[in-house]
Participant: 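So that we are looking at the same thing, I have put the structure below in structure tokens.
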Amino acid sequence: GHTSAQAVCDEVGIDTLHAKLLPEDKLNHLRQLKEDRVVLAVGDGINDALALREATVGVAMGAMGSDLAIESADIALMNNNLENIPFAIRLARQTRRTIYENLVLSIGISAVMIANAVTVPEPRSRPRPLTCLTRPHCGWFTPARPGPLGVQCGRWPQRSAQCPAG
């Protein structure tokens with residue numbers, strides 16, 4: 001009720017308290033706050049679902065929370081300990097930092113690889129592809145390969161009398 005909300009406000013140093021609001025009143029108040037601030041809303045019930053969805057960040061208290069509140073929120077804490085909210089914020093910031101680091105690293109590696117592909121010259125002498133020379137009158141082929149005097153033909157180990165050697 002109002003007294004427990006006032007006790008929380010006194011404990012954490014909040015000056016203004018709005019308690020026992022209907023869901024529409026919570027939504028209207030949240031929209032006013034959201035005009036010039038980042039708003040984190042915390043709730044656990046069906047009457048908090050609209051506010052959790054409208055807030056910049058909605059946190060549902062999952063252990064006792066309704067399914068609608070959990071589905072409407074951005075974050076669902078699996079217990080009712082409010083001290084887990086700062087941990088969730090730190091975790092979100094670390095995750096965002098890791099994502100940015102990975103993006104910068106992957107873009108940097110891609111840029112280096114593209115620059116390398118563009119600036120590395122093509123080799124002066126390219127290896128010749130392996131080709132096959134056919135002997136139509138014999139029905140066999142020999143692989144051609146570069147040699148000291150140009151292209152030399154390899155020979156199959158078995159030759160017939162009608163097929164001359166290379």
Side-chain angles (χ1 to χ4, degrees), residues 1-134 141 143-146 151:
H2 189 274
T3 56
S4 60
Q6 186 61 50
V8 170
C9 288
D10 293 340
E11 181 70 28
V12 296
I14 296 174
D15 298 330
T16 307
L17 170 66
H18 300 277
K20 295 190 177 187
L21 296 175
L22 296 173
E24 298 83 21
D25 296 334
K26 290 179 186 181
L27 186 61
N28 291 333
H29 185 68
L30 189 118
R31 286 181 177 156
Q32 289 175 354
L33 289 173
K34 198 175 169 186
E35 288 176 2
D36 59 345
R37 299 181 185 116
V38 174
V39 177
L40 181 132
V42 179
D44 65 350
I46 293 174
N47 59 351
D48 299 322
L50 291 174
L52 292 174
R53 186 173 298 274
E54 183 68 25
T56 308
V57 178
V59 178
M61 303 305 282
M64 301 294 285
S66 71
D67 290 340
L68 183 60
I70 292 170
E71 290 177 18
S72 299
D74 299 307
I75 300 169
L77 298 178
M78 298 316 297
N79 58 26
N80 290 329
N81 188 355
L82 290 174
E83 293 175 356
N84 287 333
I85 293 173
F87 168 75
I89 292 171
R90 283 192 309 273
L91 183 63
R93 288 179 178 156
Q94 289 173 349
T95 302
R96 182 175 48 193
R97 186 173 52 245
T98 302
I99 290 170
Y100 287 151
E101 288 172 358
N102 286 338
L103 282 172
V104 168
L105 186 64
S106 65
I107 290 170
I109 289 172
S110 295
V112 166
M113 295 307 246
I114 290 171
N116 189 26
V118 171
T119 59
V120 172
E122 191 173 320
R124 296 183 88 178
S125 64
R126 292 188 295 180
R128 296 176 188 231
L130 181 66
T131 58
C132 291
L133 303 175
T134 60
F141 67 92
R145 60 187 180 279
V151 176

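Atom set for the values below is all heavy atoms of this structure, side chains included, hydrogens, waters and symmetry mates excluded.
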Participant: Drop me the distance from Met78's CE to Ile70's CD1, to the nearest 0.5 angstrom.
Facilitator: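 Met78 atom CE to Ile70 atom CD1 measures 6.0 Å (nearest 0.5 Å).
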Participant: For Asp10 and Ala7, indicate whether the former's side chain and the latter's backbone hold a donor-acceptor pair under 3.5 Å.
Facilitator: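 Pair absent, no side-chain N/O of Asp10 close to backbone of Ala7.
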Participant: Checking the side chain of Asn28 only, and the main-chain atoms of Glu24 only, is there a donor and an acceptor separated by less than 3.5 Å?
Facilitator: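 Pair found, side chain donor or acceptor close to backbone of Glu24.
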Participant: How would you list, by chain and number, every residue that makes a side-chain hydrogen bond (donor to acceptor under 3.5 Å, both in side chains) with Asp15, sequence neighbours excluded?
Facilitator: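 So Asp15 forms no side-chain hydrogen bond (donor to acceptor under 3.5 Å, both in side chains) with any residue.
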Participant: Any chance you could measure Asn81, atom CG, to Phe87, atom CZ, to the nearest 0.5 Å?
Facilitator: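 The distance works out to 12.0 Å.
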Participant: Evaluate the side-chain proximity of Ile99 to Asn102: yes if any heavy-atom separation is below 4.5 Å, no if none is.
Facilitator: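 Sidechains of Ile99 and Asn102: no contact.
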Participant: So, the side chain of Asp25 versus the backbone of Leu21: is there a donor-acceptor pair under 3.5 Å, distance only?
Facilitator: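 The answer is no, because no donor-acceptor pair under 3.5 Å joins these two groups.
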Participant: What is the distance from atom CD1 of Ile75 to atom CG of Leu40, rounded to the nearest 0.5 Å?
Facilitator: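 Separation between the atoms: 7.0 Å.
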Participant: Closest heavy-atom contact between Ala55 and Ala41?
Facilitator: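 Heavy atoms only, the tightest pair is CB-CB, 3.6 Å.
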Participant: Might you point out which heavy atoms bring Ile85 and Val59 nearest each other, and give the distance in Å?
Facilitator: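 That closest heavy-atom pairing would be CG1-CG1, 4.4 Å.
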Participant: Just do the side-chain contact (heavy atoms from CB on, under 4.5 Å) check on Lys26 and Asn47 with the steps written out, would you?
Facilitator: CA-CA 9 Å; Lys26 290 179 186 181; Asn47 59 351; 3.7 Å; yes
Participant: What are the two closest non-hydrogen atoms of Thr56 and Asp74, and how far apart are they?
Facilitator: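 Closest heavy-atom pair between Thr56 and Asp74: O-OD2, 3.6 Å.
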Participant: For His29, does its backbone N or O pair with a side-chain atom of Lys34 as donor and acceptor, under 3.5 Å?
Facilitator: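 Side chain of Lys34 to backbone of His29: no pair is present.
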Participant: Output the distance between atom CD1 (Ile89) and atom CG (Asn84), rounded to the nearest 0.5 Å.
Facilitator: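 These two atoms lie 11.5 Å from each other.
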Participant: Give me the atom names and distance for the closest heavy-atom approach of Ala115 to Thr119.
Facilitator: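 Here Ala115 and Thr119 meet closest at O-OG1, 2.8 Å.
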Participant: Is the closest side-chain heavy-atom distance between His18 and Thr16 below 4.5 Å?
Facilitator: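 Contact flag for His18/Thr16 side chains = yes.
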Participant: On a heavy-atom basis, which atom in Ala60 and which in Ala69 lie closest, and how many Å separate them?
Facilitator: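 Looks like CB-O, 3.6 Å.
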Participant: Could you measure the distance from the CG atom of Asp48 to the OG atom of Ser72? Nearest 0.5 Å is fine.
Facilitator: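 Between Asp48 CG and Ser72 OG, I get 9.5 Å after rounding to 0.5 Å.
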Participant: At what distance, to the nearest 0.5 angstrom, does CG of Leu52 lie from CG of Leu30?
Facilitator: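 These two atoms lie 9.0 Å from each other.
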Participant: Using side-chain heavy atoms (C-beta onward) and a distance below 4.5 Å, is Leu105 in contact with Glu101?
Facilitator: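 Side chain of Leu105 against side chain of Glu101, heavy atoms only: no contact under 4.5 Å found.
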